[in-house]
There are 2 protein chains.
Amino acid sequence: MSLPRIAVDAMGGDEGVRVMVEGAALARRHHDRFKFLLVGDEARIKRALENHPNMHAASEILHAEDVVSGDEKPTQALRRARTTSMGLAINAVKQGDAGAAVSAGNTGALMAMAKLALRTMPGIDRPALAARIPTLGENDVIMLDLGANTECDARNLVQFAVMGAAYSRIITGLDAPRVRLLNIGTEEIKGTDELQKAAAHLRAATGLSLHFEGFVEADKINRGDVEVVVTDGFSGNIALKALEGAARFVGDLLKRSFRSSLRSKFGFLISRPATELIRHHLDPNNHNGAVFLGLNGIVVKSHGSANAAGVANAVAVTARLLEENLTERIMADLAELQTGAVNGQAGASAGQQGDASK
Amino acid sequence: MSLPRIAVDAMGGDEGVRVMVEGAALARRHHDRFKFLLVGDEARIKRALENHPNMHAASEILHAEDVVSGDEKPTQALRRARTTSMGLAINAVKQGDAGAAVSAGNTGALMAMAKLALRTMPGIDRPALAARIPTLGENDVIMLDLGANTECDARNLVQFAVMGAAYSRIITGLDAPRVRLLNIGTEEIKGTDELQKAAAHLRAATGLSLHFEGFVEADKINRGDVEVVVTDGFSGNIALKALEGAARFVGDLLKRSFRSSLRSKFGFLISRPATELIRHHLDPNNHNGAVFLGLNGIVVKSHGSANAAGVANAVAVTARLLEENLTERIMADLAELQTGAVNGQAGASAGQQGDASK
């Protein structure tokens, strides 16, 4: 069976065409059966491909006149879906001309375009943005939603749990990843009504390929004892950015204090291999590639400031998800969820009442 | 004018009486005009006081039979308000027998007891829990609410802004601290309706002793360019715990990598003065003392795991707030807010509609 192509929006991102093409070429070293559709300014893509002959042979170029800018409102960007590199990359997925799209452009615009063009898959009410976060354990943790939906009801959260677990199974190889709902305490009475309903539903559901383990507080996301953290887009965005900000804060304090005396500069030089390990562990490039889950097609967001290695990670994630049939897996799990809901009474009522309770 | 006493719940906290009494004694070195009401098991408090003769002279003991346990539900604890050290410490504030209470006990119980006994001050609908968070700048940032209110409307958020600014003015000495609302983006259209209404109100308000500067994302809380971050209790709790968790995560990674080789162990020893500075900066004991704002009386929560230096910081915060008349300051600011709301049209309507819009 031949694998579907990956459409790359070559124009998004702070660094532009060169980094996107180089990143895709790097990813191709480990996923060499993949072919690419590079979307954007033809002349610039051709120039970038000159340094990557193997990539050149595996790529087709789709010329796009226009680029979605970083500060453009999603509603504006939607109007230019037929001329921009982002719009055309997503359209290629819609037409079946590619199996997935990767973009480093404007997140809001990407989300709006992807939703409109690809629609949510059967059984999913809203797509969610999922990212990988480093932990002290062996596996990254998947957190979703990170901003696609400011407010979510119990039904949305349950669907996010199923989608996040399917994604986690692919990257961790686990049969049943541990899933928790982000909350402000672990007692059953904590949090909003929607969180409690979602927890009741997940506890009652049977046959799902995940272990639901209740709530998790935000200081335990990184400990390595949960594989999927489910939350609404507002809280998820707050948690993700707080984690990023605190890591940067500690890094800045370290730099400042290592520079504070000759002695500590010397100590820093000696312990450099150790601090380089940490830098590598915390480098966002190594966890790059946030995935929009729940659409009829795979759309991956690469960070705007990612370097070529970061883009390569985002493309490699995309390749893995295609190889492992993420979309089909989620659909199969959703079928189980319906069954599970019938088996578990609390689950069934929570699931059914999801919409009415908003 | 004689200063009011500080009531100390001597029984709360993981370490118990000894640490609470030692902490109060440490704080008293810098605030030696204060007197204390130590509430709890009389025999144990007496024994703890033997090591602190100065403190002994400045203290009265109020015997309490009972202790609120760490896992007790707030509703249960409320029923034992007349026999527990926590309940009696708060009651002392209510009776005017003390100006403020400090406890390291169960947060939920403390909040419930404080609210019921002291009631919210005129002009405040709901109290909020505010904590100090370290930054790269000169001043700590104040963040509130951190869990007293799972859901908040625009009116609550505006009141939190006024209370947080009053608190910040006392600890920073600034005339008008910079205040921002925590959000998932800085554009005006981002976030929930309630956030947008609160922002409109704060933009329109005049005469307040604060600079409202719009929204802040969670990765910018620590940068040192905002003094007060206002949010609902759910998001605030998520953000605070994510910050704490990430700082601990980076610390654990550091330890692990410094231990990974003889060379890095050696480097670590040499740069120890630098890493000790960071440890000091990040040590929660140095930022201990979360304040319940908006009640008729001051109630300060010391972290359950705080050491004596940590308790001393919580008691010192309490002393500063009493010396600087926090409660009166907030009332004066609220009076300004009414005027401001009349001046600013968007503000007035947002303020008035706060309740109806829930």
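Chain letters run A, B, ... following the sequence lines, proteins first, then strands; residues in each count from 1.
- Taking B:E244, B:E217, B:K220 one by one and counting their heavy-atom pairs under 4.5 Å with chain A, the maximum is reached by B:E217.
- Every side chain to side chain donor-acceptor pair (under 3.5 Å) that A:N149 has, sequence neighbours left out, goes to A:D145.
- At a 4.5 Å heavy-atom cutoff, the contact between A:L195 and chain B is made by side-chain atoms alone.
- Nearest heavy atoms, A:L182 versus B:F234: O-CZ, 4.0 Å.
- The shortest non-hydrogen separation linking A:A239 to B:A242 is O-CB, 3.9 Å.
- Of the listed residues (A:G185, A:P134, A:G233, A:G191), the one with the most heavy-atom contacts under 4.5 Å to chain B is A:P134.
- Contacts of A:L136 with chain B are made by both backbone and side-chain atoms, with heavy-atom separations under 4.5 Å.
- Of the atoms belonging to B:I184, heavy atoms from both backbone and side chain fall under 4.5 Å from chain A.
- Between A:R248 and B:R223, the closest side-chain pair of non-hydrogen atoms falls below 4.5 Å.
- Heavy atoms closer than 4.5 Å to chain B are found in both the backbone and the side chain of A:S235.
- Contacts of residues 107-114 of chain A with chain B at a heavy-atom distance below 4.5 Å are absent; not one residue qualifies.
- Side chains of A:V216 and B:K241 form no contact here, defined as non-hydrogen atoms less than 4.5 Å apart.
- Contacts of A:T231 with chain B are absent, with no heavy-atom separation under 4.5 Å from either backbone or side chain.
- Counting heavy-atom pairs closer than 4.5 Å to chain B, the top-ranked of the candidates A:A218, A:G245, A:G147 is A:A218.
- Other residues, nucleotides and ligands place no more than 12 heavy atoms under 6.0 Å from the CG atom of A:D193.
- Between B:N183 and A:I238, the shortest heavy-atom distance links the atoms O-CD1, 4.1 Å.
- Taking every heavy atom of both residues into account, B:F249 and A:T135 meet most closely at CE1-C, 3.4 Å.
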